[in-house]
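Letters go in sequence order (proteins before strands), and every chain restarts at 1.
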Amino acid sequence: MLLGDHPELRPKARTIVNIARKVIAEVNNLSLERQKAILETEYPHLAGETPKRGAKKEEELKLPPLPNAVKGKVRLRFAPNPDFLIHIGNARPAIVNDEYAKMYRGVHILRFEDTDPRTKRPMKEAYTLIKEDLKWLGVKWHEEYIQSLRMELFYNIARIMLEKGCAYVDTCGEEGKELLAKGSYCKTRDEPPETNLELFERMLSGEFGEGEAAVRIKTDPKHPNPSLRDWVALRIIDTERYPHPLTGSKYIVWPTYNFAVSVDDHHMKVTHVLRGKEHQLNTEKQLYVYRCMGWEPPVFIHFGRLKLEGFILSKSRIKELIEKNPGKFLGYDDPRFGLIASLRRRGVLPEAIREVILSVGIKPNDATISWANLASVNRRLLDRRADRIMFVWEPSRFIVKGVGGCIHAEIPYHPERPEKRAIKVCDGDRVLLNTFDAKGRIRLMGLANFEVKEEELVFTGRSLEEARRLSMPIVQWVKESEGIPVTVLEPEGLELKKVEGYAEKELSKYPIDSRLQFIRYGFVRVDSIGDGGEYTAILAHR
RNA sequence: GCCGCGGUCGUCUAGCCCGGCCCAGGAUGCGGGCCUUUCGAGCCCGUGACCCGGGUUCAAAUCCCGGCCGCGGCACCA
């Protein structure tokens with residue numbers, strides 16, 4: 001610091017270091033009190049608490065500035081494939097885009113990339129389900145597009161590129177691939193634009209079958225990376241056999257991902273593309289389109305892979321699991337998956353997901369979010385809003401004695417709020433306790449102190465102070481006659497543990513989707529309510 | 001195998017671009033304590049990391065080189 005301010009002292013650095021060492025040793029020899037005193041009298045401007053380094057001002061999660069971003073001019077896009085629901089890794093760019101759109105008063109575009117009706121067959125419901133997930137996540141978008149509805153645009157750009165001679169129609173089929181693998185190419189590459197243009201029209205007219213013709217972008221047939229050599233921009237898909245859920249068999253020539261993306265990103269005036277590093281090579285491919293067309297490419301940012309510890313994120317893995325294990329899962333949104341819908345069903349709040357995603361940021365290295373971390377954020381958020389309900393899960397029944405009539409328990413809905421509910425308990429009433437709690441002297445929360453004797457709960461007083469003094473365990477309880485049967489599902493890896501028990505009557509006031517804390521058990525979300533009033537809840541976390 | 005990108009506490013992250021305020025900060029986890037009519041929350045204390053090796057420099061987590069490890073890509077998928 002000193003040398004930075006006084007470069008002329010640099011040659012004498014060694015001497016300075018020695019002086020500094022001596023001074024430090026001297027100061028360290030003095031007592032702390034003495035040090036403070038000297039500091040305050042001789043250098044008052046330096047006294048006072050030193051602020052802790054790196055201490056963040058109250059959770060102000062901020063993303064780093066976007067390179068080349070101008071306020072009001074930023075345009076971002078979230079481009080999911082509607083072949084399935086989105087998972088937390090897919091949601092990352094959506095959340096990050098949303099954040100940047102807010103930061104720069106920019107535009108966020110939602111674009112469905114559904115240009116492969118054969119191997120990545122779009123799922124019709126997914127278009128809606130993805131939008132629901134985004135809304136739930138609080139991600140806003142201002143424009144919405146579906147690629148399969150923009151086919152003419154792709155055809156037109158393809159024509160222009162053929163005309164410019166930066167693309168050609170490979171009619172060599174399998175052989176075309178093999179030629180490129182060897183660094184050679186299909187003869188049509190050398191044909192004039194008119195010929196290729198004509199071939200393209202013949203492609204469109206249905207003259208070729210799958211694999212018989214494809215439009216390739218001219219790159220370099222000897223490029224060190226074979227996948228970059230004259231990559232395919234449009235190919236034929238037999239939509240009679242593989243109809244597209246939106247356009248049926250109307251089109252047989254389909255743009256590939258890289259072609260559709262380049263064309264759309266340009267036409268939608270996207271300024272910044274944020275995506276995973278699996279797209280790095282695609283970026284390189286796409287740049288050929290920009291160069292040929294003379295378009296200004298957007299800023300590309302690639303971030304690392306995201307994992308959620310203990311969860312399966314892969315869409316294809318999830319689909320496969322569901323198919324191969326009929327009856328094992330609760331649906332697409334089974335709480336054991338890493339899908340947004342799954343996390344929602346499990347009781348994770350959208351704010352928690354956003355907070356965690358933003359804390360991971362957009363760095364290029366991989367990140368594994370630990371469940372403990374997500375749960376902790378969620379718990380902090382949930383703690384303030386979740387009402388407290390008494391739930392007993394390894395129940396034993398006891399008869400209340402010695403009360404001398406009836407007493408009322410006052411149970412607060414939340415430890416930080418005054419509202420309470422009353423529960424009346426009289427001599428002879430049966431009460432359920434967790435079996436492992438029922439021993440010795442205990443206090444039934446909000447009610448009174450008892451001594452557990454065989455099958456009985458013998459009243460010993462109402463004093464909370466006494467319970468504290470004798471350090472009695474304070475336990476939750478349920479009046480048997482009013483108990484509501486509850487099954488709590490505890491997701492653990494690919495298992496789903498079932499915990500059966502009873503909750504107090506109050507639970508019946510809470511509808512599906514309520515998030516509650518079962519006292520001394522954990523945070524749950526009400527998943528369903530049976531015809532008989534029995535509840536099924538899912539454990540989010542303890 | 002080839003190409004690309006990374007490597008800071010167990011995990012996430014700040015710092016790295018612009019070398020000294022860093023014997024590396026925060027969060028979470030873990031251990032302990034306080035508080036609390038919950039085994040939740042809150043508060044306090046503790047634990048714990050610059051992948052390795054060279055080089056440049058008075059000084060390197062930060063710059064350079066090499067190695068190791070991890071991830072990604074290598075489709076007429078997105």
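- Ring centers of A:F303 and A:H279: at least 6.0 Å apart, outside the cut-off.
- B:C45 sits 42 Å from B:G55 when the P atoms are compared, rounded to a whole Å.
- Taking the C1' atoms as reference points, B:G31 lies 12 Å from B:G48, given to the whole Å.
- A:P80 comes within 4.0 angstrom of no nucleic acid atom, judged by non-hydrogen atoms across all strands.
- Residue contacts for A:N449: at a heavy-atom cut-off of 4.0 Å it reaches no nucleic acid atom on any strand shown.
- Using cut-offs of 30° and 60° on the angle between ring planes, the pair A:Y251 and A:W254 is perpendicular.
- The listed nucleotides are B:A14, B:U11, B:C76; the one nearest the side chain of A:V232 is B:C76.
- A:I237 has its side chain out of reach of A:V253: every pair of non-hydrogen atoms, C-beta onward, lies at least 4.5 Å apart.
- Which of B:G6, B:G29, B:U38 sits closest to the side chain of A:I519 comes down to B:U38.
- Using a 4.0 Å heavy-atom cutoff across all strands shown, A:L281 reaches sugar-phosphate atoms only and no base atom.
- Within 4.0 Å of A:R305, counting heavy atoms only, lie sugar-phosphate atoms of the nucleic acid but no base atom.
- Residue A:N282 is in base contact, counting any heavy-atom pair closer than 4.0 Å across all strands shown.
- Each of A:Y521 and A:K177 lies near RNA chain B, and the nucleotide nearest A:Y521 is the one positioned closer to the 5' end.
- In this structure, A:R235 reaches the B:C77 phosphate: one of its side-chain N or O atoms is under 4.0 Å from OP1 or OP2.
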- Given pairs defined as Watson-Crick or G-U wobble with both distances under 3.5 Å, what dot-bracket annotation applies to RNA chain B, with ( ) intrastrand, [ ] crossing, | other strand and . unpaired? (((((((..((((......[....))))((((((.......))))))...(((((..]....))))))))))))....
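- Backbone-only engagement by A:N81 is indicated by non-hydrogen atom pairs under 4.0 Å involving sugar-phosphate atoms exclusively.
- Between A:R118 and B:C77, a side-chain N or O to OP1/OP2 separation shorter than 4.0 Å is present.
- Residue A:T115 places none of its side-chain N or O atoms closer than 4.0 Å to OP1 or OP2 of B:C77.
- Using a 4.5 Å heavy-atom threshold, the side chains of A:R388 and A:P415 count as touching.
- The nearest heavy atom of RNA chain B to A:D383 and to A:A214 marks one nucleotide each, and the one closer to the 5' end goes with A:D383.
- Residue contacts shown for A:R379 are limited to sugar-phosphate atoms, with no base heavy atom under 4.0 Å away.
- Judged purely by atom type and a 3.5 angstrom limit, A:T368 has no side-chain atom pairing as donor or acceptor with the backbone of A:E309.
- Of all nucleotides listed (B:G40, B:C77, B:U8), B:U8 comes nearest to the side chain of A:K363.
- A:R542 forms no cation-pi arrangement with A:F523, by the criterion of a distance under 6.0 Å to the ring centre and an angle within 45° of the ring axis.
- Within the 3.5 Å criterion, the main-chain N or O of A:L349 finds a donor-acceptor partner in the side chain of A:N378.
- When distances are taken from the side chain of A:A367 to each of B:U13, B:C5, B:U38, the shortest belongs to B:U13.
- Within a 6.0 Å sphere centred on NZ of A:K319, heavy atoms belonging to other residues, nucleotides or ligands number more than 12.
- Distance from the side chain of A:R388 is smallest to B:U38 among B:G7, B:A78, B:U38.
- Listed nucleotides B:U38, B:G73, B:G29 differ in distance to A:E278; the shortest reach to its side chain belongs to B:G73.
- If you check B:G29, B:A78, B:A75 against the side chain of A:A372, the one that comes closest is B:G29.
- Applying the 6.0 Å contact sphere to OH of A:Y502 captures no more than 12 heavy atoms from other residues, nucleotides or ligands.
- Listed pair A:K307 / B:C12 fails the phosphate criterion, with no side-chain N or O lying under 4.0 Å from OP1 or OP2.
- Within the nucleic acid shown, A:G304 has no heavy atom closer than 4.0 Å to any nucleic acid atom.
- Listed candidates were B:G70, B:C77, B:G42. Nearest to the side chain of A:R380 is B:G42.
- Here A:G173 lies in heavy-atom contact (under 4.0 Å) with a base.
- Of the candidates B:U38, B:C12, B:C77, B:C77 carries the atom nearest the A:T119 side chain, counting heavy atoms from C-beta on.
- Across all strands shown, A:F391 has no heavy atoms under 4.0 Å from either base or sugar-phosphate atoms.
- Within 4.0 Å (heavy atoms only), A:H302 reaches no atom of the nucleic acid at all.
- A:Q476 comes within contact range of no nucleotide atom at all, as no heavy-atom separation falls under 4.0 Å.
- The side chain of A:S370 approaches B:G10 more closely than any other nucleotide in the set B:G40, B:C77, B:G10.
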